[in-house]
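What follows is a short report on a single structure.
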There are 2 protein chains.
Amino acid sequence: MLKISTRCRYGLLAMVELGQHDGQTPMSVQDIYQKQRIPKFYLQQLLVKLRRNGLVESVRGSKGGFVLKKDPKQIKILDIVKAVEGPVQLIFCTKKAKDRCCRRIKECLTRPVWVELHEVVNKVLSERTLHDLTQNLP
Amino acid sequence: MLKISTRCRYGLLAMVELGQHDGQTPMSVQDIYQKQRIPKFYLQQLLVKLRRNGLVESVRGSKGGFVLKKDPKQIKILDIVKAVEGPVQLIFCTKKAKDRCCRRIKECLTRPVWVELHEVVNKVLSERTLHDLTQNLP
DNA sequence: CTATATATGACTTAATTTGTCAAGTATTAA
DNA sequence: TTAATACTTGACAAATTAAGTCATATATAG
Ligand code: FES
Ligand code: FES
């Protein structure tokens, strides 16, 4: 059904929250939780993934928290999605993943739709940036 | 990760198979199985869904099977996807499904991306028809 | 030193996807 | 009429993935 996972929704909500914040002082998991009511421990996991993917920076200890590591204009939505749930891979029609497709790539008549879908999804996600969202611009 | 389910892949493969067939004599599950190696009982389930959604017709008894019910030009890929797995609903930000979104639709800054994604996916799937696939046309 | 916060990794639970099966019904052909 | 073929229905089981929790460790401000 292609539904958006909570990982994605929560991850993006957290990033938007950080983007709306002052950009100087770190925002703790608790802070984000109070704004968005995302399950705390789950949110923490997601933030760790965002950090490992270079999207946020963490400050440990008292008064610590998370800060965006880049300019929101440089953060594609696709980066965020990839960070929290791995590459956006709508199809698996490759030689390596034989079991995930019909195994007849060359003659496969269905493949083109899935490829097209894969492409438009990736296009939208990589054209939009975090900045677009926080500024309400097209 | 937004991956395409086997339901979708198998469903479309079956429809393409029926579309490639003569259009007169019914094609049995066994026939489709021999062409595509889709788990038989699973395939059967999918065909029933396709029938219930008016995309194929079934003929019972010996020499029975399935036939397309419409002109492939009138069958959108979206119809097939909807038939085998219900509506393509990338987001659930409605009043009824409060738990599936951030519950702050009006002020939600993340919603626009998901809506856009939802729209492009539905657009691609409803612009392409079964005929496009079997004819290798754009 | 203490309170606050993140780091890590294992773990549990719930939901969904994927696939199987048995018993029943309809149809054709011999 | 009978045997063989093939769809119908509904329930079920297994496998995978998503969603969420927790204990323990580490770091820092004050
Ligand atoms: S090549 Fe992937 S479904 Fe056919
Ligand atoms: S309204 Fe759906 S995520 Fe915010």
Side-chain angles (χ1 to χ4, degrees), chain A residues 1-11 13-14 18 25-34 36-53 55-67 69 81 84-90 92 97 99-102, chain B residues 1-11 13-14 18 25-34 36-53 55-67 69 81 84-90 92 97 99-102:
Chain A
M1 228 205 316
L2 282 186
K3 78 163 198 255
I4 306 286
S5 66
T6 60
R7 280 199 291 268
C8 277
R9 290 193 296 106
Y10 293 169
L13 283 169
L18 291 176
T25 59
M27 208 176 169
S28 71
V29 170
Q30 182 65 28
D31 294 338
I32 300 177
Y33 170 73
Q34 270 162 7
Q36 299 290 347
R37 300 282 149 177
I38 298 165
K40 263 184 269 191
F41 292 109
Y42 198 30
L43 174 58
Q44 177 110 356
Q45 275 190 348
L46 299 178
L47 284 164
V48 167
K49 288 185 179 179
L50 291 167
R51 176 177 59 78
R52 288 185 179 149
N53 283 272
L55 299 179
V56 302
E57 226 164 5
S58 67
V59 180
R60 294 174 73 157
S62 181
K63 305 271 175 186
F66 296 86
V67 194
K69 199 170 178 181
V81 171
V84 296
E85 53 175 24
V88 177
Q89 192 79 30
L90 277 80
F92 294 88
D99 53 324
R100 304 269 209 155
C101 78
C102 73
Chain B
M1 226 201 325
L2 283 184
K3 77 164 198 252
I4 306 285
S5 66
T6 59
R7 279 198 293 268
C8 277
R9 289 193 295 107
Y10 293 169
L13 283 170
L18 292 176
T25 58
M27 207 176 169
S28 71
V29 171
Q30 181 65 28
D31 294 338
I32 300 176
Y33 170 73
Q34 270 162 8
Q36 298 289 348
R37 299 284 149 177
I38 296 167
K40 260 183 271 189
F41 292 109
Y42 197 30
L43 175 58
Q44 178 104 259
Q45 276 191 349
L46 299 179
L47 284 164
V48 168
K49 288 185 179 181
L50 290 167
R51 174 176 59 77
R52 289 186 176 148
N53 283 273
L55 299 179
V56 302
E57 227 164 4
S58 67
V59 180
R60 295 173 73 157
S62 181
K63 306 269 175 190
F66 296 86
V67 195
K69 198 169 176 182
V81 171
V84 295
E85 51 176 26
V88 177
Q89 192 80 29
L90 279 80
F92 293 89
D99 53 323
R100 303 269 208 155
C101 78
C102 74

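Being a predicted model, the structure only gives us computed values, none of them experimental. So that the names make sense, note that chain A is the first sequence line, chain B the second, and so on, each numbered from 1. These numbers come from the heavy atoms of this one structure, side chains and all, not from hydrogens, waters or symmetry mates.
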For the pair made of [atom1] in [X] and [atom2] in [N], what is the distance, rounded to whole Å?
| X | N | atom1 | atom2 | result |
| --- | --- | --- | --- | --- |
| L46(B) | dT8(D) | CG | P | 13 Å |
| R51(A) | dA7(C) | CZ | C1' | 7 Å |
| Q44(A) | dT8(C) | CD | C1' | 10 Å |
| Q34(B) | dT5(D) | CD | C1' | 14 Å |

Report task. Establish, with yes or no, whether the OP1 or OP2 oxygen of dT9(D) is under 4.0 angstrom from a side-chain nitrogen or oxygen of R52(B). Result ->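 The answer is yes; a side-chain N or O of R52(B) sits under 4.0 Å from OP1 or OP2.
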**Report entry** Any S58(A) side-chain nitrogen or oxygen under 4.0 Å from OP1 or OP2 of dA7(C)
**Finding:**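 Affirmative; the distance criterion is met.
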**Report entry** Angle by which the axis turns from one end of the helix from dC1(C)-dG30(D) to dA30(C)-dT1(D) to the other, five pairs per end, to 10 degrees
**Finding:**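 Rounded value for the end-axis angle: 10°.
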Residues two or more places apart in sequence or in another chain: which of them pass side-chain contact (heavy atoms from CB on, under 4.5 Å) with [X]?
| X | answer |
| --- | --- |
| K40(B) | V29(B), Q30(B), Y33(B) |
| K69(B) | E57(B) |
| S62(A) | none |
| N53(A) | A83(A) |

Is [Y] close to [X] at the side-chain level, that is, under 4.5 Å between some pair of heavy atoms?
| X | Y | value |
| --- | --- | --- |
| Y42(A) | T6(A) | yes |
| P26(B) | K63(B) | no |
| F66(B) | L18(B) | yes |

Requested in this report: For F41(B), check ring-ring contact (aromatic ring centres under 6.0 Å, His included) against everything at least two apart and list the hits.
Outcome: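 Result, ring-ring contact (aromatic ring centres under 6.0 Å, His included) vs F41(B): none returned.
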Show me, pair by pair, the donor-acceptor contacts under 3.5 angstrom made by side chains of residues 45-52 of chain A, not counting sequence neighbours?
none

Query - Atom pair CD1 (I4(B)) and CG (L90(A)), whose distance is rounded to the nearest 0.5 Å - result: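 Answer for the CD1-CG pair, I4(B) versus L90(A), is 4.5 Å.
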Query - Nucleic acid footprint by protein, nucleotides 18-28 of chain C - heavy-atom cut-off 4.0 Å, B for base, S for sugar-phosphate alone - result: BBBB--BBBBB
Requested in this report: Taking side chain to side chain donor-acceptor pair (under 3.5 Å) as the test, write out the residues that go with S58(A), two or more places apart.
Outcome: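 Partners of S58(A) under the side chain to side chain donor-acceptor pair (under 3.5 Å) test: none.
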Query raised in the report: Can you list, by residue number, the residues of residues 25-33 of chain A that have a non-hydrogen atom closer than 4.0 angstrom to DNA chain D?
Result: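 Within this stretch, nothing sits under 4.0 Å of the strand.
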